[in-house]
Enquirer: 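Can you keep this structure in mind? I'll have questions shortly.
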Amino acid sequence: MKILVRNLSRSTGEEEIRRIFATYGQVQSCNLVLDKASGKSKGFGFVEMPVNGDAKQAIKNLNGMELGGKNIRVKMAEEKED
DNA sequence: GATGAGCGG
């Protein structure tokens, strides 16, 4: 399941996202979207987790948690994939 | 060189 993680701090890296998501389940892959102008984090990214139930649990648990001094927004991505 | 809402490559 593809998970959208936004409202991230610009100082937050993929490893940070991966470790907190790994707390509730296995992280298949984490992709932090980088900005083309600065080449740094755009402040949001995507995380893929199995739909075994860990994904939704990770979402509702990690949604609104503080990371890098900011409260991140975790939600399942609504793109083509089902 | 950085940008603060937002579903990228």
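First the proteins, then the strands, lettered A, B, ... as listed; each starts at 1. Below, each value reflects all heavy atoms present in this structure, side chains not excepted, and no hydrogens, waters or symmetry copies.
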Enquirer: Closer to the 5' end of DNA chain B via nearest nucleotide, is it A/D35 or A/K75?
Expert: A/D35
Enquirer: Which part of the nucleic acid, if any, lies within contact of A/R10, taking any heavy atom under 4.0 Å across all strands shown: a base, the sugar-phosphate backbone alone, or nothing?
Expert: base
Enquirer: Which atom pair, heavy atoms only, marks the closest approach of A/R6 to A/F44?
Expert: CA-CB, 3.5 Å
Enquirer: Any side chain to side chain donor-acceptor pair (under 3.5 Å) pairs touching residues 50-77 of chain A, not counting sequence neighbours?
Expert: none
Enquirer: For the OG1 atom of A/T12 and the CZ atom of A/R10, what is their distance to the nearest 0.5 Å?
Expert: 11.0 Å
Enquirer: Name the first nucleotide and the last nucleotide along DNA chain B (5' to 3') that come under 4.0 Å of a heavy atom in chain A.
Expert: B/dA2 to B/dG8
Enquirer: May I ask you to test the A/M65-A/I20 pair for a side-chain heavy-atom distance under 4.5 Å?
Expert: yes
Enquirer: Within the 4.0 Å heavy-atom criterion, would you say A/S9 contacts the bases, only the backbone, or no part of the nucleic acid?
Expert: base
Enquirer: Using modelled atom types only, decide if a donor and an acceptor are shared between the side chain of A/E14 and the backbone of A/L32 within a distance under 3.5 Å.
Expert: yes
Enquirer: Do you know which two heavy atoms are closest between A/V74 and A/L62, and how far apart they sit?
Expert: CG2-O, 3.5 Å
Enquirer: Start at the 5' end of DNA chain B and walk down; is the nucleotide closest to A/N7 or to A/L4 reached first?
Expert: A/N7
